[in-house]
Enquirer: 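Here it is, the structure in full.
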Amino acid sequence: MISRIDHIGIAVNSIEAVRKLYEDVLGIKISETEIVEEQKVKVAFLPIGDSEIELLESTDPDGPIARFIASRGEGIQHIALRVSDIDTKLEELKARGVRLIDEVPRKGAGGARIAFLHPKATYGTLIELCERGGGK
Ligand code: ZN
């Protein structure tokens, strides 16, 4: 049911500022940028094989990414696992008593349906479940 690492989310102060590192130095093309209003972030994807890096820049000083950077600095913010059926997976986790941030999926970048597990339930790592269209 969990098929791969969908993406790794990295919090940055400015996507523009890190573009040179990822594109020119590392040679990974930034494929698209979009605003996810609900999470108060601007997001850019960098495809690498079957997975992606997701750069997250806050659009609001009180948004979750701004708060993350304020307390922990720039860096890896979450790991997203690809699931084929997020509703069933969430039901399964709830039944097992796993603490969740999102009990129902919300809309993520790229039209994905996502839900976060609570880091207290995952030994400190923020884990996102991510279902893509077509259930790949
Ligand atoms: Zn993500």
Side-chain angles (χ1 to χ4, degrees):
M1 219 175 162
I2 291 174
S3 55
R4 69 173 80 142
I5 292 176
D6 186 89
H7 63 270
I8 295 173
I10 298 178
V12 296
N13 285 318
S14 160
I15 288 170
E16 246 349 274
V18 300
R19 181 179 289 274
K20 184 177 162 61
L21 169 73
Y22 284 100
E23 290 198 328
D24 301 347
V25 180
L26 295 173
I28 308 166
K29 203 93 194 103
I30 295 180
S31 68
E32 54 178 297
T33 301
E34 90 178 70
I35 304 275
V36 182
E37 296 288 355
E38 204 184 325
Q39 292 171 64
K40 299 173 178 166
V41 284
K42 183 166 143 190
V43 174
F45 285 103
L46 295 80
I48 305 169
D50 283 343
S51 303
E52 294 179 301
I53 287 176
E54 178 187 52
L55 297 174
L56 302 153
E57 174 188 323
S58 188
T59 56
D60 183 315
D62 294 322
I65 293 302
R67 281 187 275 121
F68 174 87
I69 290 175
S71 68
R72 296 167 73 167
E74 293 178 294
I76 292 177
Q77 196 258 349
H78 68 272
I79 291 178
L81 305 175
R82 175 82 61 91
V83 293
S84 52
D85 180 349
I86 196 167
D87 302 292
T88 303
K89 196 71 191 169
L90 285 173
E91 286 309 316
E92 197 184 297
L93 293 171
K94 265 185 266 181
R96 300 186 76 156
V98 175
R99 190 165 163 196
L100 303 170
I101 291 176
D102 302 303
E103 300 230 331
V104 291
R106 55 173 136 152
K107 186 184 164 295
R113 297 175 69 223
I114 65 168
F116 287 96
L117 278 59
H118 199 285
K120 287 236 158 59
T122 58
Y123 302 90
T125 300
L126 182 58
I127 293 178
E128 172 190 327
L129 302 178
C130 177
E131 178 193 299
R132 301 273 179 197
K136 299 185 281 177

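We count ligands from 1, going down the list as the structure has it; atoms in each ligand are counted the same way.
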Enquirer: Can you check whether H7's main-chain N or O pairs, donor with acceptor, with E54's side chain at less than 3.5 Å?
Expert: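 A pair under 3.5 Å: no.
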
Enquirer: Please report the shortest heavy-atom distance between I15 and E57, naming the atom on each side.
Expert: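 In terms of heavy atoms, the two residues are closest at N-OE1, 2.7 Å.
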
Enquirer: Could you check whether any side-chain heavy atom of F68 comes within less than 4.5 Å of a side-chain heavy atom of L56, counting everything from C-beta outward?
Expert: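 No; the side chains remain at least 4.5 Å from each other.
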
Enquirer: Where the side chain of E74 meets the backbone of N13, is there a donor-acceptor pair that is under 3.5 Å apart?
Expert: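 Judged by distance alone, yes, a pair lies under 3.5 Å.
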
Enquirer: Under 2.8 Å from the Zn ion (ligand 1), how many protein N/O/S atoms do you get? Just the number, please.
Expert: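 The number of such protein atoms is 4.
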
Enquirer: Are any of the side-chain nitrogens in K29 or E23 under 4.0 Å away from the carboxylate oxygens of its partner?
Expert: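 Salt bridge present between K29 and E23.
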
Enquirer: So, the side chain of T59 versus the backbone of K40: is there a donor-acceptor pair under 3.5 Å, distance only?
Expert: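 Present.
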
